[in-house]
Amino acid sequence: MYRRDYPNISGMFDDRFREYNRPNLYREFQTTWLISILGILMIIIGSGLLFWNEGRAVKIALSLDEGLRDIIIPETLDVVFEENNGKLVLVSGALKISDPLKDTDYGISINCVKLRRVVQVYQWYEIEDKHHTNVENAEHDSHEEKSYSYSTDWFEYHIDSSSFYNTLGHHNPHMDQWPANSSISTNARVKVGDFLLGKDVKDRFTEFKPFTSGDRPTIEGIKIYAGLYYHSLNVWKPEVGDYRVQFTYSGRDGEEYTVVGRQSGREIRPYQTESGSELLILHPGVRTAAEVFRTEHNNNRTSTWIYRLGGWFVTFLGFSCISNLVEMLMDQNPILRQILALGFAPIHLSASITVTLGIIGLGWVWYRPLVGGALVTVSMVPYIVPVIRMAVSRRSEMDRYRL
């Protein structure tokens with residue numbers, strides 16, 4: 001009756017109705033275009049990070065293997081042999097530093113590779129607190145309130161109090177009144193045996209220890225407490241504008257270190273490997289070549305896995321953003337669903353793991369073929385097995401039809 005009176009209205013079983021309600025990738029992308037584009041970009045970024053990381057890891061591993069193979073350990077450190085010039089050498093022993101680093105104002109004098117002076121000024125700083133509240137209003141659904149509080153502490157950098165929300169009673173010294181800047185002094189002449197440490201080697205001294213001189217500072221009014229030099233009337237109740245100075249050192253005379261690098265005359269400098277990377281290693285204590293390179297390989301593995309987890313996580317988020325599009329694509333292609341859909345994991349998880357393992361395997365195929373090939377195979381097995389099953393099933397059906 002209804003169809004007889006209204007013949008032109010789309011019905012439940014009309015082709016036009018079925019076409020309109022059929023899932024459409026284009027319409028889905030129009031609805032989720034922003035998050036889909038973001039997901040694609042995240043997949044590209046995550047894959048790029050994985051590619052870069054594997055290339056870096058392989059390059060470092062090759063350089064370390066080359067270094068362990070070609071390393072030369074001098075018979076004595078008291079004589080620098082010219083035949084080792086340009087070669088990779090391992091030098092280990094006590095630091096010899098004849099010229100001290102000084103700060104005469106504070107009576108500091110120490111024979112070390114680096115002397116760092118840290119200057120901290122007592123200043124006001126601002127704390128901003130935000131509170132979000134829901135307000136039933138025709139124009140605004142939410143309301144944000146900000147509150148500001150102020151406190152004092154020691155800071156190594158200048159805080160501009162003119163940018164505070166409330167400047168009344170919260171004034172820091174102007175930058176022109178800053179007492180002194182933090183600095184690092186590096187010794188020009190540092191030796192291990194008769195070998196001089198080059199600038200790049202001295203740059204690797206990055207672990208500092210506190211140091212307090214037994215001599216009194218030449219500046220009057222300085223108070224010393226817990227290894228710090230206070231320019232303050234009261235150490236326990238400082239005022240804004242007071243400052244304190246701390247001295248730390250790295251690589252003191254007599255401490256033992258192991259250095260691996262290129263012998264250039266009497267100086268140790270970075271060594272250029274065949275893979276194109278530089279090799280320059282500094283370790284505390286006296287170590288053998290095997291111990292040094294084993295530690296470097298472990299450090300390379302640790303950093304590599306950190307980057308791998310980061311790349312996988314970014315890729316996983318990317319596939320999560322486009323999971324609706326992928327699910328719709330598989331709904332429209334049942335064969336594709338049989339290949340891609342894994343029963344034990346969501347598509348975005350399995351796809352991110354597959355991409356990660358595949359990139360890792362491709363990166364290591366040339367350096368370690370068995371490991372790299374095994375990773376590539378493992379990444380593809382969950383998708384190769386369904387294809388083989390489908391092929392076997394189709395062949396058995398064809399054989400049954402022939403019979």
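- To the nearest 0.5 Å, atoms OG (Ser277) and CD (Glu66) are separated by 8.0 Å.
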Kindly indicate, with the supporting measurements, whether the criterion side chain to side chain contact (heavy atoms under 4.5 Å, CB included) is fulfilled by Leu88 and Val260.
-> CA-CA 7 Å; Leu88 184 68; Val260 174; 3.8 Å; yes
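- The shortest side-chain heavy-atom distance between Val190 and Lys202 falls under the 4.5 Å cut-off.
- Side chain to side chain, Glu296 and His283 meet the donor-acceptor criterion of an N or O pair below 3.5 Å.
- Looking at every heavy atom in both residues, Gly276 comes nearest to Gln272 through O-NE2, 3.0 Å.
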Donor-acceptor pairs under 3.5 angstrom involving side-chain atoms of residues 229-237: please list them, not counting sequence neighbours.
{"from": "Tyr229", "atom 1": "OH", "to": "Ser213", "atom 2": "N", "distance (Å)": "3.3"}
{"from": "Tyr230", "atom 1": "OH", "to": "Arg244", "atom 2": "NH1", "distance (Å)": "3.1"}
{"from": "His231", "atom 1": "ND1", "to": "Tyr243", "atom 2": "OH", "distance (Å)": "3.1"}
{"from": "His231", "atom 1": "NE2", "to": "Tyr106", "atom 2": "OH", "distance (Å)": "2.8"}
{"from": "Ser232", "atom 1": "OG", "to": "Asn234", "atom 2": "N", "distance (Å)": "3.3"}
{"from": "Ser232", "atom 1": "OG", "to": "Asn234", "atom 2": "O", "distance (Å)": "3.0"}
{"from": "Ser232", "atom 1": "OG", "to": "Asp242", "atom 2": "OD2", "distance (Å)": "2.9"}
{"from": "Asn234", "atom 1": "OD1", "to": "Trp236", "atom 2": "N", "distance (Å)": "2.9"}
{"from": "Asn234", "atom 1": "OD1", "to": "Lys237", "atom 2": "N", "distance (Å)": "3.3"}

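- In this structure, Trp154 CH2 and Gln123 CD are separated by 10.0 Å, a value rounded to the nearest 0.5 Å.
- Checking side-chain atoms of Asn298 against main-chain N and O of Arg294 turns up a donor-acceptor pair under 3.5 Å.
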Test ring pair (Phe, Tyr, Trp, His ring centres under 6.0 Å) on Tyr150 and Tyr125 and set out the steps.
-> CA-CA 6 Å; Tyr150 299 88; Tyr125 67 97; 8.9 Å; no
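- For the residue pair Glu156 / Ser182, a side-chain donor-acceptor distance below 3.5 Å is found, with atom types taken as modelled.
- We find that Arg262 and Glu267 are not joined by a salt bridge, their nearest charged nitrogen and carboxylate oxygen being 4.0 Å or further apart.
- The nearest pair of heavy atoms linking Ser63 to Ser275 is OG-OG, 2.8 Å.
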Start with the C-alpha distance between Val240 and Asn172, add both sets of side-chain angles, then the distance that settles side chain to side chain contact (heavy atoms under 4.5 Å, CB included), and finish with yes or no.
-> CA-CA 7 Å; Val240 173; Asn172 288 329; 3.7 Å; yes
Show your working on side chain to side chain contact (heavy atoms under 4.5 Å, CB included) between Leu77 and Asp194 and close with a plain yes or no.
-> CA-CA 6 Å; Leu77 300 180; Asp194 206 34; over 6 Å; no
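- Rounding to the nearest 0.5 angstrom, the gap separating the CG atom in Leu317 from the CD1 atom in Ile322 is 12.0 Å.
- No side-chain heavy atom of Leu62 sits less than 4.5 Å from a side-chain heavy atom of Leu64.
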Derivation of the salt bridge (Lys or Arg N to Asp or Glu O under 4.0 Å) call for Lys87 and Asp70 = CA-CA 8 Å; Lys87 296 180 181 179; Asp70 299 337; over 6 Å; no
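- Contact record, Gly261 with Leu280: CA-CD1, 4.1 Å, taken as the closest heavy-atom pair.
- Side-chain atoms of Pro100 and Ile110, non-hydrogen and from C-beta on, never get closer than 4.5 Å to each other.
- Comment: Lys209 engages Glu255 in a salt bridge, judged by a side-chain N to carboxylate O separation of less than 4.0 angstrom.
- In this structure, Thr212 and Leu228 have side chains that are not in contact, with every pair of non-hydrogen atoms separated by 4.5 Å or more.
- Put simply, the side chain of Val91 reaches to within 4.5 Å of the side chain of Ile268, judged on heavy atoms.
- Of the charged side-chain nitrogens involved, none lies within less than 4.0 Å of a carboxylate oxygen, so that Arg269 and Asp200 do not count as a salt-bridged pair.
- Under the 6.0 Å distance and 45° angle rule, Arg56 counts as a cation-pi partner of Trp52.
- Residues Tyr165 and Lys146 are not in side-chain contact: their nearest non-hydrogen atoms beyond the backbone lie 4.5 Å or more apart.
- Counting only N and O atoms by type, the side chains of Glu128 and Tyr148 include a donor and acceptor under 3.5 Å apart.
- Among all heavy-atom pairs drawn from Thr167 and Ser161, the shortest one is CG2-O, 3.4 Å.
- Atom CG of residue Asn84 and atom OG of residue Ser264 lie 12.5 Å apart, to the nearest 0.5 angstrom.
- Between Thr304 and Ala57 the shortest heavy-atom distance is OG1-CB, 3.3 Å.
- When ring centroids are compared, Phe208 and Tyr249 stay outside the 6.0 Å threshold.
- Across all their heavy atoms, Ala289 and Ile73 have their closest contact at CB-CD1, 4.5 Å.
- Centroid-to-centroid, the aromatic rings of Phe205 and Tyr257 come within less than 6.0 Å.
- Taking a cutoff of 4.0 Å between a charged side-chain nitrogen and a carboxylate oxygen, Lys96 and Asp253 do not qualify as a salt bridge.
- Put simply, the side chain of Phe316 does not reach to within 4.5 Å of the side chain of Val314, judged on heavy atoms.
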Please report the C-alpha distance between Leu115 and Ile184 in whole Å, then the side-chain angles of each, then the deciding distance to 0.1 Å, and finally whether the side chain to side chain contact (heavy atoms under 4.5 Å, CB included) criterion is met.
-> CA-CA 6 Å; Leu115 178 65; Ile184 296 179; over 6 Å; no
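- Considering NZ of Lys102 and CG of Asn111, their distance stands at 9.5 Å, rounded to 0.5 Å.
- A salt bridge is absent between Asp65 and Arg69; no separation between the charged side-chain nitrogens and carboxylate oxygens falls under 4.0 Å.
- To the nearest 0.5 Å, atom CZ of residue Arg117 and atom CD1 of residue Ile108 are 11.0 Å apart.
- Inter-residue side-chain proximity for Val292 and Thr258 is flagged as met; some heavy-atom pair is nearer than 4.5 Å.
- Of the N and O atoms on the side chains of Arg116 and Ser185, not one donor lies less than 3.5 Å from an acceptor on the other residue.
- Taking the six-membered ring where the residue is Trp, Trp124 and His170 present perpendicular rings, their angle passing 60° and hence far from 30°.
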